[in-house]
Amino acid sequence: MTTMVPESPAAPIAVLDGGVRDIDDEARRAELAAFLRSRRERITPEQVGLPRGSRRRTPGLRREEVALRAAVGVTWYTWLEQGRDIQVSAQVLDAIARALLLDRAERSHLFALANATDPAPNAEPTGIPPGLRLMLEQLEPFPACVQNARYDILAYNRTYKHLLCDLDALPPEERNCLWLHFTNETWYADVIDREETKRAMAAKFRAAMADHIAEPAWKCLLKRLQEASADFREMWERHEVIPPAANRQRTYRQARVGLLNLDYTNLWTGPAPGTRLLTFTPADDETHERLHRLLELVRAEEG
């Protein structure tokens, strides 16, 4: 006689849950591997001070070059790019983020894929060389900043910091020109012809996103803007595209010094693809004087 043993209802669920977790972890490792490869392949040797050489076949950096920059083993980094099931510390992820010149959004995505806590979530963006930061300082009292193709503001001088609002008072994820134009009332209230400016920015973002359609940081910004701004949703649905302009004039009503007529220049530069230096020079003598006055006020506040 055969005795039937009742099945435990929890057993299949436990097996199923474990299987789901295994699949989720495997998918996460595969996405992490693809993300690392894509970031490595976009960096030219010249950007990190390496010779290109005549026999280089790999797009971007080689794996061993990234491993050397991050001070990790080549085999270990190769396994990471292959999606192997290995343990990785937050300190190593931090080193890899710096080696790959990741910006804040990309760095956050890296740690999310690795299921790790970022030890320095508000760290200064990597890849802004000291010479470029010095240039920003030397341009004062003229406002200037460094942005990437996604309109993240990566670095800025004191005049730009106080042009429309106090950028230092904002969390890093809000230091984005698109986000500020569509969601920050203090910022867009002082922009003359702000509706046309919004329309142009949405159209430029759509044109730029064609090259980044599958990138998580771009998709995340688009989702945030669509959820936060009815104006953006309406303008996005127009499907307008405008290429980035190298030069144009902009007018702002600065709260402390008054009307500023500025010639805007967009200079594409390094260290990462899409990074550009934006400078705002006075279009008239009154604006020149007001920019000097603004910088004097900022210096007085700093003591």
Side-chain angles (χ1 to χ4, degrees), residues 103 125 128-170 172 174-205 207-208 242-272 274-302:
D103 62 27
I128 305 297
L132 192 51
R133 293 187 183 276
L134 179 61
M135 185 183 297
L136 291 174
E137 294 177 11
Q138 294 299 313
L139 284 168
E140 292 177 352
F142 304 154
C145 70
V146 177
Q147 291 182 16
N148 60 19
R150 202 170 49 246
Y151 293 97
D152 293 325
I153 304 170
L154 306 179
Y156 44 87
N157 62 13
R158 288 177 294 181
T159 323
Y160 188 86
K161 168 188 169 183
H162 292 282
L163 185 62
L164 297 176
C165 70
D166 185 355
L167 285 173
D168 282 357
L170 300 176
E174 293 186 12
R175 295 177 201 160
N176 175 282
C177 275
L178 266 170
W179 182 260
L180 292 169
H181 271 89
F182 282 96
T183 68
N184 188 299
E185 185 176 352
T186 303
W187 180 281
Y188 66 70
D190 293 332
V191 178
I192 305 301
D193 196 15
R194 53 183 173 269
E195 292 306 313
E196 175 58 24
T197 299
K198 286 181 177 181
R199 185 194 69 82
M201 291 199 70
K204 289 177 184 177
F205 182 57
I242 299 176
N247 301 279
R248 59 167 293 180
Q249 190 171 103
R250 290 186 176 176
T251 304
Y252 302 109
R253 186 180 292 105
Q254 212 285 328
R256 285 182 281 186
V257 298
L259 207 63
L260 299 174
N261 296 309
L262 299 166
D263 289 324
Y264 158 80
T265 304
N266 187 352
L267 302 173
W268 294 91
T269 179
T275 305
R276 57 191 186 270
L277 171 66
L278 280 66
T279 62
F280 298 81
T281 52
D284 52 56
D285 291 340
E286 291 81 2
T287 296
H288 193 281
E289 293 174 3
R290 288 167 184 163
L291 288 175
H292 276 280
R293 196 183 318 149
L294 176 59
L295 183 59
E296 289 173 0
L297 290 170
V298 171
R299 285 172 173 165
E301 290 174 356
E302 293 176 346

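We number each residue from 1, following the sequence as shown. As a basis for the values below, the full set of heavy atoms in this structure was taken, side chains included, without hydrogen atoms, waters or symmetry mates.
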J.: Which distance, rounded to the nearest 0.5 Å, do you find between the SG of Cys145 and the CZ of Arg175?
T.: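 One finds 12.5 Å between SG of Cys145 and CZ of Arg175.
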J.: CD of Glu185: more than 12 outside heavy atoms within 6.0 angstrom?
T.: no
J.: Minimum heavy-atom separation for Pro143 to Asn157, with atom names?
T.: CA-OD1, 3.8 Å
J.: Is the shortest distance from a Lys or Arg side-chain nitrogen in Arg199 or Glu196 to a carboxylate oxygen in the other one below 4.0 Å?
T.: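 Looking at Glu196 together with Arg199, the answer is yes, because their closest N to O distance falls below 4.0 Å.
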J.: On a heavy-atom basis, which atom in Cys177 and which in Ile153 lie closest, and how many Å separate them?
T.: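 That would be SG-CD1, 3.9 Å.
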J.: Report the distance from atom CG of Leu297 to atom CD of Glu302, rounding to the nearest 0.5 Å.
T.: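 These two atoms lie 11.5 Å from each other.
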J.: Please name the pair of heavy atoms, one in Ala155 and one in Arg133, separated by the smallest distance, quoted to 0.1 Å.
T.: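 Shortest heavy-atom separation between Ala155 and Arg133 comes out as CB-NH1, 3.7 Å.
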J.: Can you tell me how far the OG1 atom of Thr265 sits from the CZ atom of Arg248, to the nearest 0.5 Å?
T.: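 Atom-to-atom, Thr265:OG1 and Arg248:CZ are 12.0 Å apart.
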J.: Return the CG to CD distance between Leu294 and Gln254, rounded to the nearest 0.5 Å.
T.: 5.0 Å
J.: Taking it one step at a time, do Leu163 and Asp190 satisfy side chain to side chain contact (heavy atoms under 4.5 Å, CB included)?
T.: CA-CA 9 Å; Leu163 185 62; Asp190 293 332; over 6 Å; no
J.: Find out whether Ile242 and Lys204 are in side-chain contact, i.e. whether some heavy atom of one side chain is under 4.5 Å from a heavy atom of the other.
T.: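 Yes; the side chains approach each other to less than 4.5 Å.
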J.: Is Leu180 close to Leu170 at the side-chain level, that is, under 4.5 Å between some pair of heavy atoms?
T.: yes
J.: Consider side chain to side chain contact (heavy atoms under 4.5 Å, CB included). Of Leu260, Asn261, Val191, Thr287, which one does Thr251 pass it with?
T.: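 Passing option: Asn261.
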J.: Using salt bridge (Lys or Arg N to Asp or Glu O under 4.0 Å) as the criterion, list what pairs up with Asp168, not counting sequence neighbours.
T.: Lys161
J.: State whether the side chain of Glu140 and the backbone N or O of Arg158 hold a donor-acceptor pair below 3.5 Å, judged by distance alone.
T.: yes
J.: Hey, does the side chain of Arg250 reach the backbone of Asp263 with a donor-acceptor pair shorter than 3.5 angstrom?
T.: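 Looks like no, no N/O pair under 3.5 Å.
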J.: Evaluate the side-chain proximity of Leu167 to Tyr160: yes if any heavy-atom separation is below 4.5 Å, no if none is.
T.: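 Contact flag for Tyr160/Leu167 side chains = yes.
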J.: Taking the six-membered ring of Phe182 as reference, does the NZ or CZ atom of Arg194 fall below 6.0 Å from its centre and within a 45° cone about the axis?
T.: no
J.: With rounding to the nearest 0.5 angstrom, report the CG to CG distance, Asn266 to Leu277.
T.: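 Going from the CG atom of Asn266 to the CG atom of Leu277 covers 8.5 Å.
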J.: Locate the shortest heavy-atom distance separating Val146 from Leu136; write the atom from each residue and the value.
T.: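 That would be CG2-CD1, 4.1 Å.
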J.: Please work out which of the three classes, parallel, tilted or perpendicular, describes the rings of His288 and Phe142, given edges at 30° and 60°.
T.: perpendicular
